[in-house]
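Below: one structure, written as structure tokens.
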Amino acid sequence: MDNAATTSLKPEVLEAMMPYLTGKYGNASTLYLEGREAREAVEQARERTARALGAEPEEIYFTSGGTEADNWAIKGVAFARREKGNHIITSQIEHHAVLHPCEYLEKHGFRVTYLPVDSDGLVDPGDVSRAIEQDTVLVSIMFANNEIGTIEPVAEIARICREKGVLFHTDAVQAVGHVPVNVEKLGVDLLSLSAHKFHGPKGIGALYVRKGVRLDPFIHGGGQERNRRAGTENVAGIVGLGAAIELASSSLEERAARIAALRDKLIGGVLEKVPDVRLNGHRTMRLPGNAHFCFRFIEGESLLLNLDVKGVSASSGSACTSGSLEPSHVLLALGLPHEMAAGSLRLTLGDDNTQEDVDYVLEILPETVNKLRMMSPLYAARRG
Amino acid sequence: MDNAATTSLKPEVLEAMMPYLTGKYGNASTLYLEGREAREAVEQARERTARALGAEPEEIYFTSGGTEADNWAIKGVAFARREKGNHIITSQIEHHAVLHPCEYLEKHGFRVTYLPVDSDGLVDPGDVSRAIEQDTVLVSIMFANNEIGTIEPVAEIARICREKGVLFHTDAVQAVGHVPVNVEKLGVDLLSLSAHKFHGPKGIGALYVRKGVRLDPFIHGGGQERNRRAGTENVAGIVGLGAAIELASSSLEERAARIAALRDKLIGGVLEKVPDVRLNGHRTMRLPGNAHFCFRFIEGESLLLNLDVKGVSASSGSACTSGSLEPSHVLLALGLPHEMAAGSLRLTLGDDNTQEDVDYVLEILPETVNKLRMMSPLYAARRG
Amino acid sequence: MYTEKVMDHFMNPRNVGEIPDADGVGEVGNPKCGDIMKMFIKVENDRIMDAKFLTFGCAAAIATSSMATELIKGKTLEEALEVTNKTVAEALDGLPPVKMHCSVLAEEALRAAINDYRRRKGLVTGDVAPNKIEVPDCKPDK
Amino acid sequence: MYTEKVMDHFMNPRNVGEIPDADGVGEVGNPKCGDIMKMFIKVENDRIMDAKFLTFGCAAAIATSSMATELIKGKTLEEALEVTNKTVAEALDGLPPVKMHCSVLAEEALRAAINDYRRRKGLVTGDVAPNKIEVPDCKPDK
Ligand SMILES: Cc1ncc(COP(=O)(O)O)c(C=O)c1O
Ligand SMILES: Cc1ncc(COP(=O)(O)O)c(C=O)c1O
């Protein structure tokens, strides 16, 4: 149950990729037969991606993943619009793939406002509006948070940015393939996605760039991706992204509804069976698959590993920082104290999960939490 | 015969990748079982890569390809050493993945010296030595040129840089897997490679960074690659790179000798059978598989496409710029006039090529050249 | 990338060669740009009786030269002047966007040849209509 | 990532709990760092007769607590003070580098418990050896 960290490659997706891993190995930028086959496959994947997002194919640029897409969007717009201004607005709960590029820009003379969130993790669109100044060139607010699953009011923020003439980027890595994402309806200017979050391959993603939006290239070199992203195309990966996004878009709403029902059962069961627990993230405006808790008096990694031994994959904090002891910046932004933030557990459901999986977790989780609490000096102190 | 543009994925390499495209889909940065399997596979690939280059595993960082590795090396060192100086030295015949980052740095206040080459495409190490100034922070000279195949005197240039305390990067994308490359013997500080040039997958590469060399991260985000290259690891791609580099390193010298013999036959045959032709690149200091010519009075794309129809893949200029009419910057740097540079053809041999392939090219090439010359106003003018 | 028609006219170009006693010769392009096109026409009673070409250039340049000569043969000069780069490209079932400039080259060569004919006949002065036009911008239209 | 020994001591930790009438209690760590360790010892004739722990922390923290209590049981105080973080880590067949600081925590808890015992006996003053040590740097050693 860690579908937010990564997902399995769907057999249909692998099948679509196979020709480009075997016979059709051409370089998509060469002129002869194999090269043209590769080019056509890349363009078909671009069309599929565009269709899934309600975009034009020329607005889709393939990258090596969500992280590169975020880096490119933020640094690319910042440097391209530098003469207009040097102020950027983002939130305190963004993924590191957004926060760290922002911190990098601060070292290069940019000013960044990191907006706070409420205790459910929601950004207030009014805060965005108030933070926009004369020299603001970019606002970047994530579509859905990777830890606590909260879905941000992106359409409203996009509208505010549009009115004020500021470009708006959203990191939709956790959303695409899981909830409907339409760039036209949302009114966003740039949007990042990553294939391995929706049963596509790892190491491939895309950046949507609305027509007319200027941004500097980030990876310079050959003329690939219409001179905006250099490097020999990862043809198999791109084809996999295209196949996966098409699959994920089909019957998206029914699938999301099924998963959300499982999620609600899981959340309800945990809140009922385990004392001293907090549900993190908004109760309803959250990703269909996400359930996120803080269990008081215990620490996340030990909980996680106990569950792993019992066959349940989960995450504590974000996947990237597991193994480090720094408490998650997202949980701290919600206002949780350190020792509470340390006891976090994320369970993320996907297409493969069933009622039985949820029942099994509801069976083992309470006893596991209890076992660890019996070892905890904080719990002992509380019992007095 | 366009092995320099890309190569087919070896079946053994695909086999090594398959587990990570099917069952073992874990995120290498997560703690539980699938994640640990992925992590181990990544670390094994790192060890294989290090072994092939005579490096330590901790000196290998995986990237999305040769282009990203070049971008990172150049921008990463430049920005990290900015307070020390802002001068960079490279050559006029580098790949665009090096030249364009350099041009980008020029826009950001750096000074770049683009060293000329001789008519064989060789950089003079004396030129490098003379170009190094007080404020030089990086020299980047490619190991072997992707168009004309010339192998540069990298070890000597590295020695000069070491003596003068300047970091040295080499773009070895065309060399790794084709000629022996040992970072210790060469004495380089940074080295780029790309898997798809040696029968590995597309969209994966690596940067070797000598221990102790400081460079800024380029893609910021999660803590992957020991905090130096963020983004969920492309596990299958990394495993493929590791398997491919190990395969390519085995019996490297015998394989190179066989291919060089084919190349010499091809070059000899063309020079003998076709009048008004120039061999580009150094006669002996060249990649084993590379044969590169300029045919006077005709244009490269039309030659290329004629050969394609007859079943021979080739390249004119570099793969990235085919389809554009700009003559190759490499050929212009050799001192060739534009109309001569336009008539270029690159044939690059690989493991799959045989004597028969060479014989076939030697059979069809002269008549194809002749057919195009009969249409050429330049040829007519010359006949008078 | 290229249509079947383009490939056909490229691999089997019609009307290749020179007309030694041509009534008009037009040459356009610039070897620096990678394209030179030379067109020869034979004119009788204001009608193009024969046309030939020599081209140094890419597949699209060769195919458009071939198609242009086919299109103008038998046409009056007035009619031939209505052949534009679009006509040629359409007759080839289209060209890739980055190659559209090649069809401009064919149009220019044709005009240059007709102008040369008219100049020889004293119908226009050399200054107004040179028979050698340097196409100024040889970058692909992207 | 973890050795079998670590996993065993983590999943089945020995000596969990409190000793109500302990002769020495040491508590180290800081909830902000994600680790708190509390060690209880029972001493007779300068020998540790029993040891128990409570730990709030990661798997490595729990396993090192468990192993540390096992190692010191039956040892004299002098011998117990020779148990270092390395001894504990080695007894567990090693710890991942980023987790080595957890073994330091176990060493500190042990020292704190022994110091507490000595303080209670009046052998040292409270100032010199507090029984509660805040481990200053809780970042992994990377
Ligand atoms: C919200 C969010 N943004 C960005 C990323 C980075 O994407 P990738 O792992 O493809 O680099 C992730 C996942 O890792 C994510 O969850
Ligand atoms: C010399 C050289 N450098 C860099 C590159 C770029 O590598 P990649 O295509 O993996 O981005 C190439 C090939 O395309 C190359 O030949």
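Just so it is clear: chains get the letters A, B, ... in the order the sequence lines come, proteins before strands, and each one is counted from 1.
Contacts of C/P13 with chain B are made by side-chain atoms alone, with heavy-atom separations under 4.5 Å and no backbone atom involved.
A donor-acceptor contact under 3.5 angstrom links the side chains of B/S91 and B/E94, judged on distance only. In summary, the side chains of B/T150 and B/H282 do not present any donor paired with an acceptor at a separation below 3.5 Å, with no hydrogens or angles considered. With no hydrogens or angles considered, a side-chain donor-acceptor pair links C/N15 and C/K73 at under 3.5 Å.
Along residues 5-12 of chain C, the residues that come nearer than 4.5 angstrom to chain B, judged on non-hydrogen atoms, are C/M7, C/F10, C/M11 in order of number. Contacts between residues 368-377 of chain B and chain C, counted as heavy-atom pairs separated by less than 4.5 Å, involve B/K371, B/L372, B/M374, B/M375, B/S376, B/P377. Annotation: residues 44-53 of chain C contacts chain B through no residue [non-hydrogen atoms, separation under 4.5 Å].
Listed by chain and number, the residues in a ring-ring contact (aromatic ring centres under 6.0 Å, His included) with C/Y117 amount to none (sequence neighbours excluded).
In this structure, B/Y104 has its ring center at least 6.0 angstrom away from the ring center of B/H100.
Using a cutoff of 4.0 Å between basic side-chain nitrogens and carboxylate oxygens, B/D2 and B/R346 are scored as salt-bridged. Salt bridge status for B/D120 with B/R286: absent, with no side-chain N to carboxylate O gap under 4.0 Å. Between B/K75 and B/E103 there is no salt bridge, since no side-chain N of the basic residue sits under 4.0 Å from a carboxylate O of the acidic one.
Rounded to the nearest 0.5 angstrom, B/Y379 OH and B/F297 CZ are separated by 7.0 Å. Distance check, rounded to the nearest 0.5 Å: CE of C/M37 to OG of C/S65 gives 3.0 Å. Interatomic distance, SG of C/C58 versus CD1 of B/I298, reported as 13.0 Å (0.5 Å rounding).
Remark: of the listed residues B/T67, B/D70, B/D171, B/D70 is the sole one forming a side-chain hydrogen bond (donor to acceptor under 3.5 Å, both in side chains) with B/S192.
Ring geometry, B/F295 versus B/F293: the interplanar angle falls from 30° to 60°, so the pair is classed tilted.
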